[in-house]
Amino acid sequence: MWSDNESSRDSVVDLTDSPPLKTKKRKRDTFTSKPVPKKASSSQWVTSAFGDFDDFAGFGSSMQPAAKTKQSKLVTKPLSQCPPRTNVSKRPSYEDELWSDKHTPKSVSDLAVHKKKIEELQTWLQRHLNSKSMRSPMVLLTGPAGAGKSALVQVLAKELNCELKEWSNPIAAAYDELSFLDRRNNWSDYSRVEGSYSSSQLSQFQQFLLRADKYNSLDIFGNGTQGKIILVEEFPNIVYKDATSFHDILRKYSKVGRCPLIFIISDSSSGESNERLLFPKHLQEELHIENISFNPIAATTMLKILTKIATEEAAHGMHKFSVPSKAVIESISMSSAGDIRGAINALQFACLKDTHDLLPTTSKGRQSKKKTSGETSKSKRAGNKSSADSDSTLAAIGGRDTSLFLFRALGKILYCKRDDPSNHPGLAKLPPHLGEHERDPLSLNPEDVIEKCNLSGDYFNAYLHQNYLEFFSEISDVVRASEYLSDSDFMTFEWSTRSILEEYASSIATRGMLHSNSSRSKHSSTGSGLGWKPLHKPQWYSTCKTERQNCETARHLFKSYACPPDVLQTELVPFLSLIDVTLHDPGQISFINEITKFSNVKIRSEKLDEKDLVVDKDSQGTGTSGETVWSNKMEEDNISNSQSKVVTEEMEEEEEYEITEFDD
Amino acid sequence: MSLWVDKHRPSSLNKLDYHKDQATLLKKLVNGGDFPHLLVYGPSGAGKKTRIMCLLRELYGSGVEKLRIEQHNFTTPSNKKIEISTISSNYHIEVNPSDVGIQDRVVIQELIKTVAQTNNLDSSQKDFKVVLLTEVDKLTKDAQHALRRTMEKYMSTCRLILCCVSTSKVIPAIRSRCLGIRVAAPSIDEITQILQTVCKKEGCPIPTELAKRVAEKSKRNLRRALLMAEACKVQQTPLKPDQEVSEPDWEVYLRETANMIIQQQSPRRLLEVRGRLYELLTHCIPADIIMKGLLQELINNCDGELKTEVVQSAAFFQHRLQLGQKAIYHLEAFVAKFMAIYKRFMEENIADLF
């Protein structure tokens, strides 16, 4: 009762209270809505705090009549920062085009590609455009990215007055593998799947080839072309999964097609090359596909072209900038590793950096900014003068990472250049009893060298191991060096910590190698007496590979003897060769002959060439078949070892699980 | 024509040439009609397998000698197909699970499961089968634990005979579940005797001197001794006492390599030695055997005081060889170390002379 009363009283209070509240709110509303014009004035006050605003206010007042447009201009001006200067305003404030696109070669003379390659393709095209042979001509261009393959095709097409038809992957292709598989064998099926016009990329590709070959494009513009060239630079994605269907298409085209078909594949620096997948050797022979491979652009040609572009841009380009010094261009071309497209882009970027100080600025803030940018560019120029720095500064801009060839990296470690200690005043001397470890300071950082040569520490160690002996003269030094190598391998045995320790391991190996070569402990001794020595590729990986193959074949061939592998390899097989047991399997006989023959001739490993970029890839390629399996095996082994520890701890749980497994 | 080793292998426990007390014990064990799981261990070429086969014959009769090679396929939980070949009769199956590397656990579980689950219909036979696992010490820990569990579970339908060189790598849980049988290597005299009887059976009696030399060369490994004797016979038909005992090529090659190391100690020579080590490795000679062989050859040329130092460094690098991945680093480091030790020793000696 009472509470009811209370509540009712409350409600009464509420009722009586609420109206005044509302009115208050309303009052506030009206109050706030009042000073709107005032706000406008205050906003004026606020904006005037910016340095620019005074200018704009003055600017605005002079342009009173066009009030509406003025407003928008006020906003856009400070953003675009476009100065009202007549001579610069002709140039747009930013570039909408990459220089590499803008300066695409227009004629054969512009091309950076080697003349022989140009001729090769040109004669090929001319021969096949005119001939009426039944076989459709195909050519495959390979080479590293930015070697000018596409540019060459485009220029030649223009030169020969041909129409260039290029395949590009359709974007919205709703891909249906089932329907694709069904229709793969029908050459001209229109692929109308359940009312929709979706068709597989591959059948579209097929149709493209057919139509591009058959039908001429409408001659609307009246530039009568003489022939057609089909260019395929981009391959339907499915092709990588299932190369055989692609090969079928090519075979069909070779029967039907008339116009020259050009394929372009860029070499990839790592992993399996697409070339081998898409155009295996047997297919190339079967369809008479010619293969023209391109080399990276030569440094001199690159230099010429970059200088030409730079001067041209400086004179007529978007910005005004001083032509970069020769050293800058040189280092760009060096760091690009023969990739002309990348080099031009790097050049553009490098030149962009210089543009700021040429822009006039009106405000104080801009002024300070300009100053800093000016400083940086100045310091950069200063750095370029001492060419040692230019490499690192510009490599940061747009260089490729392939900065150090393996050959040179190995040379750096093995020849072990040391500095004159007088250049390092703060150097502490070792106490006399450690005198034998006294070494002049190194002129290089071993970790840098390893990092730059793009090899894993493991591989680098293998290369070092293969070559270090030639550089040592004292056996006591060799002992220490070989112990360091052994240490480095020992460090990485644990599977779980290998990825972390690998760097340290290679560091130990390289530094140990550098230190233990006592004949090169002084800077004066470097470079004397050694002369040039050939470097070799590591034998270890191939050895491992053949060993495993041999073990495997031994196991299969002598299955019937049923003895463990060790006994088989060290006792049974060697003795079988001495005993005239009649072997029934010719495989066994030949294997025994092979396995028991020891050559006393020293097998020399493959030599490593200077500039051997392929070496790296190649050794990994050949290595990978052996090495990955091997390392996988090792890793799996280690996994099992490390797991077994865990397993012992969790044995009880696992047993439970296994019981259920057995019971079913 | 099969090898002497296989041809003259004793087929019953009564015919064994040595460890006769053990043979009678084994016979008694089997005559009881049943036996526990066995763990047979001993050095290579001591006759472990021979004894196991004799035991099985004693147990099942001559039926165990009808052997067939089978190929078994298994799928791992990670859907990897593995293949392993087994040798089996109606009563037993022999398998070397370490052939499949780290997937040995799957082999052990699946194989024993399939064997144990198929019962013999013929009631006249024993109601258990035998699974013979070789190289148990090479099994992963994982597989050994799986084995332990399997052993208990299928005790009613199958017996396991495990065969290994050393029990140190077999987990204690397995060791305690098995009856351990040690097969020691035969003595030189025993081998000499066996060689003489075998040769007599082959119709080309072997002079005692030669038999003795062969036995010594074989390092108490009977299989090796028989193979060597047969090789001697091939070399020269009426066996002469002063005949040279032929050795496997790789051992000759290894000895030459060791001599090269002794002759000269220089980085250039080390480079040549490395080439030879690679050659040995490609010929399927395991790295640890190379290390052992090298040490044995090298130590012959060492003075007493050097021996400890050399053996110590060999042990050091052998350990690393086991753990590491790149055997050649460690082999080479050992060779370099030996060269340094030996060179130092020689120089000191020459200095003493003057």
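Protein chains get the first letters and strands the later ones, always in sequence-line order, with residue 1 at the start of each. Atom set for the values below is all heavy atoms of this structure, side chains included, hydrogens, waters and symmetry mates excluded. Small disclaimer: the values here were computed from a predicted structure and weren't measured.
- Ranked by heavy-atom pairs shorter than 4.5 Å toward chain A, the options B:P286, B:C284, B:S85, B:S44 are led by B:C284.
- Contact annotation for B:I171: neither backbone nor side-chain heavy atoms come within less than 4.5 Å of a heavy atom of chain A.
- For a residue to count as touching a neighbouring chain, one of its non-hydrogen atoms must lie under 4.5 Å from one of that chain's; by this rule B:R269 does not touch chain A.
- B:I328 touches chain A through backbone and side chain together, each having a heavy atom under 4.5 Å away.
- Using a 4.5 Å cut-off between heavy atoms, A:R555 touches chain B through its side chain atoms alone.
- Ring centroid separation for the pair A:F471 and A:Y468 does not come in under the 6.0 Å cut-off.
- Around atom CD of A:E503, no more than 12 heavy atoms belonging to other residues, nucleotides or ligands sit under 6.0 Å away.
- Using a 4.5 Å cut-off between heavy atoms, B:F317 contacts chain A through its side chain alone, with no backbone atom that close.
- Residue contact with chain A, scored on non-hydrogen atoms closer than 4.5 Å, involves the side chain of B:K343 exclusively.
- Of the atoms belonging to A:D487, heavy atoms from both backbone and side chain fall under 4.5 Å from chain B.
- Contact of B:S246 with chain A is made through backbone and side chain together, with heavy-atom distances under 4.5 Å.
- Contact of A:A462 with chain B is made through backbone and side chain together, with heavy-atom distances under 4.5 Å.
- Of the two parts of B:T282, the backbone and the side chain both hold a non-hydrogen atom closer than 4.5 Å to a non-hydrogen atom of chain A.
- Under the 6.0 Å cut-off for aromatic ring centres, A:H437 and A:H515 qualify, their centroids lying closer than that.
- Looking at B:E251, neither its backbone nor its side chain comes within 4.5 Å of chain A, counting heavy atoms on both sides.
- For a residue to count as touching a neighbouring chain, one of its non-hydrogen atoms must lie under 4.5 Å from one of that chain's; by this rule B:L270 touches chain A with backbone and side chain alike.
- Contact of B:D99 with chain A is made through backbone and side chain together, with heavy-atom distances under 4.5 Å.
- For B:L227, the parts sitting under 4.5 Å from any heavy atom of chain A are the backbone and the side chain alike.
- Looking at B:A327, the atoms closer than 4.5 Å to chain A (heavy atoms on both sides) sit in the backbone and in the side chain alike.
- Residue B:Q71 touches chain A through its side chain alone, counting heavy-atom pairs closer than 4.5 Å.
- Of the listed residues A:T570, A:V478, A:T546, A:N550, the one with more heavy-atom pairs under 4.5 angstrom with chain B than any other is A:T570.
- Aromatic pair A:Y459/A:Y541: centroids less than 6.0 angstrom apart.
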